[in-house]
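Down below is the structure, laid out as structure tokens.
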Amino acid sequence: MTPPEPADFVFSPDCPSRPVLDQIADKWSMMAMAVLEKPTRFNELKRRLGGVTQRVLTQTLRRLERNGMVTRTVLPTSPVGVVYSLTPMGESLREPFGLLYAWTVEHSEQIQRCRRQYDDQVARV
């Protein structure tokens, strides 16, 4: 079997970009990174991310830390506190994420209209 062409490799299940895209495309990952403008404690992150459970936020932050996007610092306080910060690599995602976020806000009403039209058409079938 011949190896895939470089341009096609991103579509291969073996491409190392796949888990990275999975992380970046995850809503809670991007939202967590968006609120990490400065070092932030876990509970503050949870408060700012309405609707996230403690379990999901913990899993999200662990994956971000594992992938080098976030650092976790344990504070010598009682009770023990934890602060999360973006790494330089995580910080480098802020600009492209900002563009994606701006696009989402700009097109959200149009997308809602498309959804309603689609749902109406499907309901008639």
Side-chain angles (χ1 to χ4, degrees):
M1 184 166 134
T2 59
E5 292 294 317
D8 293 334
F9 188 59
V10 296
F11 303 114
S12 165
D14 300 328
C15 182
S17 69
R18 285 225 176 157
V20 177
L21 288 172
D22 182 47
Q23 171 92 61
I24 292 169
D26 175 71
K27 107 177 145 177
W28 292 118
S29 294
M30 292 312 324
M31 291 174 76
M33 291 177 68
V35 299
L36 280 172
E37 297 169 12
K38 61 181 177 141
T40 308
R41 287 181 176 246
F42 181 90
N43 286 332
E44 175 63 19
L45 285 170
K46 189 171 179 318
R47 275 193 295 279
R48 292 197 56 200
L49 298 174
V52 70
T53 65
Q54 182 164 337
R55 179 177 175 268
V56 168
L57 182 56
T58 297
Q59 291 172 339
T60 299
L61 291 168
R62 283 182 183 159
R63 279 196 343 262
L64 287 168
E65 183 180 13
R66 182 173 184 245
N67 289 333
M69 306 290 178
V70 166
T71 59
R72 178 181 183 269
T73 305
V74 178
L75 303 173
T77 58
S78 181
V80 173
V82 177
V83 170
Y84 292 89
S85 307
L86 290 178
T87 64
M89 187 166 43
E91 190 67 44
S92 73
L93 268 175
R94 289 182 75 73
E95 182 179 352
F97 172 69
L99 295 171
L100 178 61
Y101 179 77
W103 182 92
T104 303
V105 170
E106 180 182 338
H107 293 90
S108 62
E109 288 181 26
Q110 180 182 0
I111 291 168
Q112 290 300 318
R113 282 193 305 275
C114 291
R115 285 180 172 183
R116 284 191 297 275
Q117 289 172 347
Y118 177 87
D119 292 345
D120 289 346
Q121 288 173 352
V122 169
R124 283 185 256 150
V125 173

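Heads up: numbering here begins at 1 and tracks the sequence.
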Shared hydrophobic cluster, [X] / [Y] (ILVMFWY, side-chain heavy atoms < 4.5 Å):
X	Y	answer
Val83	Met31	no
Met69	Leu99	no
Val56	Val70	yes

Approximate separation, where rounding is to 0.5 Å, of [X] [atom1] and [Y] [atom2]:
X	Y	atom1	atom2	value
Met33	Leu93	CE	CG	4.5 Å
Leu36	Leu61	CG	CG	7.0 Å
Leu49	Trp28	CG	CH2	6.0 Å
Arg72	Ser85	CZ	OG	12.0 Å

Query raised in the report: Tell me, which pairs form a ring-ring contact (aromatic ring centres under 6.0 Å, His included) where one or both residues lie in residues 79-106, sequence neighbours left out?
Result: Trp103-His107
Query raised in the report: Is it the case that more than 12 heavy atoms not belonging to Gln112 sit under 6.0 Å from its CD atom?
Result: yes
Query raised in the report: Got Arg41 and Leu75 here, is their nearest side-chain heavy-atom distance under 4.5 Å?
Result: yes
Query raised in the report: Is there side-chain contact between Leu64 and Leu86, with at least one heavy-atom pair below 4.5 Å?
Result: no
Report task. Scan residues 87-100 for pairs that pass side-chain hydrogen bond (donor to acceptor under 3.5 Å, both in side chains), counting only residues two or more places apart or in two chains. Result -> Glu91-Arg94
Query raised in the report: Is there any side-chain hydrogen bond (donor to acceptor under 3.5 Å, both in side chains) pair reaching into residues 46-61, and which pairs are they, with sequence neighbours excluded?
Result: Glu44-Arg47
Requested in this report: Provide the closest heavy-atom pair for Ser29 versus Arg63 in the form atom of the first, atom of the second, distance.
Outcome: OG-NH2, 3.6 Å
Query - Worked check of side-chain contact (heavy atoms from CB on, under 4.5 Å) between Thr40 and Val35 - result: CA-CA 8 Å; Thr40 308; Val35 299; 5.9 Å; no
